[in-house]
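Structure record follows, encoded as structure tokens.
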Amino acid sequence: MTREENEKRLAYLKGIVARLPEKPGSYQYYDETGTIIYVGKAKNLKARVSSYFHAEVDRFKTKVLVSKIHDISYTVVNTEEDALLLENELIKKYNPRYNVLLKDGKTYPSICVTNEPYPRIFKTRTINKKWGTYYGPYSHISSMYAVLELINKLYHPRTCRQPITREGIEAGKYQVCLEYHIKNCYGPCIARQSYEAYQKNILQAREILKGNTRQILRDMREEMMQLAEELRFEEAEEIKRRYLLIDSFVSKSEVVSHTIDNVDVFSITSDDKTAYINFIHVSNGAINQSFTFEYKKRLNETEVELLQLGIVEMRERFKSSSKEIVVPFDPEMELENVTFTIPQRGDKKTLLDLSVMNGKQYKFDRLKQAEKLNPEQKQVRLMKELQEKLGLPKLPYQIECFDNSNISGTDAVAACVVFKKMKPSKRDYKHYNIKTVTGPDDYASMKEVVRRRYTRLIEEEEPLPDLIVADGGKGQMEVIREVIQDEMNLDIPIAGLAKNDHHRTNELLYGFPPRVIGLKTDSELFHVLTQLQDEVHRFAITFHREKRSKRALHSELDNIKGIGPKTRDGLLNALKSVRRIREADLQTLSSLIGPSKAQIVFDYFHTENET
């Protein structure tokens with residue numbers, strides 16, 4: 001591979017990384033032949049995958065892996081535990097080359113339940129089926145330790161290695177160890193825990209290791225209710241403790257129910273030109289395939305027609321023989337020996353929601369990719385969206401927004417900010433000193449500024465805006481309309497951004513009389529409009545502060561004839577305020593600025609006070 005080809009490959013991969021979501025999931029790396037060479041999981045896909053491409057990566061194996069990557073795909077899930085389980089399934093299915101290299105799958109540990117009369121439960125990397133039953137292997141140590149921790153909390157199996165028999169217990173051959181005293185063991189070696197109770201615990205532990213947790217929960221719930229009816233509340237409380245531990249573990253660790261096997265899941269997300277169909281295959285209660293395909297619409301095909309096409313094509317491509325297909329709606333098709341399920345609740349509905357989430361994420365990524373290659377595409381899309389929302393006659397290429405700022409009518413100013421193609425055009429910003437209004441009258445100030453702004457634009461033959469946005473509600477919109485339409489006979493659309501009781505923007509207003517325009521507060525368009533509002537507020541406040549500061553700096557010292565800026569600054573630096581200068585005696589002033597100037601300052605303040 002030439003240097004240019006390698007740089008092109010890395011640029012392509014970094015483009016994918018830049019679009020990755022900040023969500024949990026599993027990621028897959030492909031070589032130049034399209035073969036999966038590595039599968040990983042992440043709590044944050046974008047952060048984890050981008051770490052492979054940092055310049056400071058110095059691990060040799062990681063560098064070798066990165067040099068072989070030619071493409072990246074991923075699947076988002078709800079939790080980090082789901083990502084872990086999904087990764088395990090994909091590793092088992094594809095046996096990627098670099099998972100073996102980096103993780104050494106031959107040494108994955110397992111959990112052993114021994115064949116002893118009082119079995120022990122522990123992790124091991126040595127498999128000898130004469131010793132006991134093995135569960136695993138676990139490609140992630142954290143997952144294995146989570147299971148062991150749960151079992152230890154629930155059942156406290158013995159950890160000592162001495163061989164224990166029922167005969168030896170009856171003969172009193174054993175003594176308890178420290179684990180008993182710190183309550184990590186129930187003491188079966190001295191018959192503090194019966195043989196039957198110990199075996200029952202081990203049986204339930206085996207079911208947890210198999211993944212059959214739901215049946216355990218049902219049995220425990222029945223036992224708990226029975227004990228409560230018999231008024232055996234302490235025993236019922238212990239069962240409840242175990243029940244809650246298992247339930248918490250299940251909610252964190254299951255991707256789907258273990259009762260779901262060999263099921264296909266399809267969902268569709270579409271817009272005017274494109275449809276995205278996500279396919280998930282579930283085997284033995286876990287997802288082992290997840291892909292999203294993009295279909296370009298040619299003849300305004302319906303979602304039903306596209307879903308039919310996707311189901312047939314993907315099942316053939318992935319050689320799926322599932323007898324059940326989960327879908328969001330009736331696909332209006334029949335397949336031999338196949339049942340279509342439209343779930344409304346439960347585990348299958350959770351699977352369908354996961355499929356929809358992956359389809360939407362893929363669509364979002366494709367959009368971001370296109371907009372990154374062509375930044376203007378995003379701006380045009382937002383302008384079109386705003387045009388459609390407001391019913392504007394043309395794209396709002398130039399948007400202008402006004403705001404006032406004053407304190408009880410003093411230092412009254414106003415500001416106008418300009419957005420072009422949905423981006424700030426700072427060189428077109430304008431600020432105004434209010435000239436014709438006395439007192440805190442925002443409406444009159446707004447009228448003055450709008451009138452001055454567009455009178456000048458017309459005189460200078462500058463282009464008028466495509467949309468004016470008032471930083472306020474109906475009142476501000478009305479006063480702008482009076483100037484624009486009634487006085488100047490201009491046809492410029494006017495909108496308003498209203499705030500709620502917490503002073504946060506929550507509504508877009510348009511029309512006369514103004515009506516609320518439906519706009520999600522977490523949408524990109526709403527963010528741009530709030531940015532416009534924040535920008536005009538910032539610009540107005542900044543100008544108001546500057547004017548106020550200048551007025552404050554223009555102290556009484558500037559009114560004293562014979563005292564220049566250098567003398568003024570020297571006094572202020574020494575005495576810090578005009579009040580202290582006024583209170584200073586003649587000797588103090590003389591030591592700072594000389595006797596002649598000191599006399600001028602002293603006479604000014606004392607003559608003024610007498611007056």
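Just the heavy atoms: all of them, side chains too, but no hydrogens, waters or symmetry mates, feed the values below. These numbers were taken from a predicted model, which means no experiment stands behind them.
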* Just by distance, do the side chain of Thr114 and the backbone of Arg120 share a donor-acceptor pair under 3.5 Å? -> yes
* To do: Report yes or no: is the cationic atom of Arg48 (NZ for Lys, CZ for Arg) under 6.0 Å from the centre of the six-membered ring of Tyr27, at an angle within 45° of the ring normal?
  => no
* To do: Applying ring-ring contact (aromatic ring centres under 6.0 Å, His included), name anything that partners Tyr174, two or more places apart in sequence or on another chain.
  => none
* Test side-chain hydrogen bond (donor to acceptor under 3.5 Å, both in side chains) applied to Arg166 and Tyr118, step by step -> CA-CA 9 Å; Arg166 300 179 71 175; Tyr118 288 84; 4.9 Å; no
* **Gln226 versus Glu222, side-chain donor and acceptor atoms under 3.5 Å** => no
* Keeping the roles fixed (side chain from Thr350, backbone from Gly346), state whether a donor-acceptor pair exists under 3.5 Å. => yes
* Side-chain donor/acceptor of Tyr134 to backbone N/O of Asn128, under 3.5 Å -> yes
* Quick one: are Met333 and Ile311 in side-chain contact, heavy atoms under 4.5 Å? -> yes
* Quick one: closest heavy-atom pair of Thr165 and Gly168, and the distance? => OG1-N, 3.0 Å
* Check against side-chain contact (heavy atoms from CB on, under 4.5 Å), Asn184 and Thr159 -> CA-CA 9 Å; Asn184 284 342; Thr159 57; over 6 Å; no
* Distance-only polar pair, side chains of Tyr276 and Asp271, donor-acceptor under 3.5 Å -> no
* Asked: Does some side-chain heavy atom of Met314 sit less than 4.5 Å from a side-chain heavy atom of Phe266?
  -> yes
* Give the minimum heavy-atom separation between Thr126 and Thr124, together with the two atoms involved. => N-OG1, 3.0 Å
* To do: Look at the side chain of His537 and the backbone N and O of Gln533, then say whether any donor-acceptor pair between them is shorter than 3.5 Å.
  => no
* To do: Decide yes or no for Tyr362 and Asn278: does some side-chain heavy atom of the first lie under 4.5 Å from some side-chain heavy atom of the second?
  => no
* For Glu238, which residues count as a side-chain hydrogen bond (donor to acceptor under 3.5 Å, both in side chains) partner, sequence neighbours excluded? -> Arg241, Arg242
* Any donor-acceptor pair under 3.5 Å from Asn6 side chain to Thr2 backbone -> no
* Asked: For Asn44 and Leu20, what are the C-alpha separation, side-chain angles and deciding distance, and is it a side-chain contact (heavy atoms from CB on, under 4.5 Å)?
  -> CA-CA 9 Å; Asn44 182 318; Leu20 287 174; over 6 Å; no
* To do: Taking the side chain as every heavy atom from C-beta outward, state whether Ile164 and Glu116 have any pair of such atoms under 4.5 Å apart.
  => no
* With respect to Asp264, which candidate in Arg315, Lys323, Lys348 satisfies the salt bridge (Lys or Arg N to Asp or Glu O under 4.0 Å) definition? -> Arg315
* Minimum-distance pair of heavy atoms, taken over all atoms of Leu45 and Pro21 -> CB-O, 3.5 Å
* Asked: Would a 4.5 Å heavy-atom cut-off, applied to side chains only, mark Phe279 and Ser267 as touching?
  -> no
* Asked: Less than 4.0 Å between a side-chain N and a carboxylate O, is that true for Arg538 and Asp534?
  -> no
* Do Lys240 and Glu234 sit within salt-bridge range, that is, some charged N less than 4.0 Å from a carboxylate O? -> no
* Evaluate the criterion side-chain contact (heavy atoms from CB on, under 4.5 Å) for residue pair Phe329 and Glu303; output intermediate values, then yes/no. => CA-CA 10 Å; Phe329 51 79; Glu303 287 196 344; 3.9 Å; yes
* To do: Show your reasoning for whether side-chain hydrogen bond (donor to acceptor under 3.5 Å, both in side chains) applies to Gln204 and Tyr155.
  => CA-CA 9 Å; Gln204 289 188 355; Tyr155 306 117; 2.8 Å; yes
* Mark yes or no for whether Lys46, through its side chain, and Ala18, through its backbone, hold a donor-acceptor pair below 3.5 Å. => yes
* Asked: salt bridge (charged side-chain N to carboxylate O under 4.0 Å, His left out) with Glu332: which residues, sequence neighbours excluded?
  -> none
For residues 337-345, tabulate all N or O donor-acceptor pairs below 3.5 Å that involve a side-chain atom, not counting sequence neighbours.
{"residue": "Thr341", "atom": "OG1", "partner": "Glu324", "partner atom": "OE2", "Å": "2.7"}
{"residue": "Gln344", "atom": "NE2", "partner": "Ile342", "partner atom": "O", "Å": "3.4"}

* Could Arg9 and Glu5 be called an ion pair, given the rule that one side-chain N must be under 4.0 Å from one carboxylate O? -> no
* To do: Would you mind checking if Arg158 and Glu179 are paired as a salt bridge, meaning a charged N to carboxylate O distance below 4.0 Å?
  => no
* Mind checking whether Ser26 and Gln28 have side chains closer than 4.5 Å, heavy atoms only? -> yes
* To do: Flag yes if more than 12 heavy atoms outside Glu196 fall under 6.0 Å of its CD atom; otherwise flag no.
  => yes
* To do: For Glu167 and Lys173, run side-chain contact (heavy atoms from CB on, under 4.5 Å): C-alpha distance rounded to whole Å, both residues' side-chain angles, the deciding distance at 0.1 Å, then the answer.
  => CA-CA 9 Å; Glu167 294 76 16; Lys173 290 174 58 178; over 6 Å; no
* For Thr33, check side-chain hydrogen bond (donor to acceptor under 3.5 Å, both in side chains) against everything at least two apart and list the hits. => Asp31, Thr35
* Asked: So does Arg232 pair up with Glu235, basic N to acidic O under 4.0 Å?
  -> yes
* Asked: Is there a donor-acceptor contact under 3.5 Å from the side chain of Tyr295 to the main chain of Leu309?
  -> no
* To do: List in chain and number order the residues that pass ring-ring contact (aromatic ring centres under 6.0 Å, His included) with Phe293, two or more places apart in sequence or in another chain; answer none if no residue qualifies.
  => none
* **Glu334 atom CD, over 12 foreign heavy atoms within 6.0 Å** => no
* Check: Leu508 and Leu529 side chains under 4.5 Å, non-hydrogen atoms -> yes
* Is any side-chain heavy atom of Thr292 closer than 4.5 Å to a side-chain heavy atom of Thr269? -> no
* Asked: Is Asn358 reaching over with its side chain to a backbone N or O of Leu354, donor-acceptor style, under 3.5 angstrom?
  -> yes
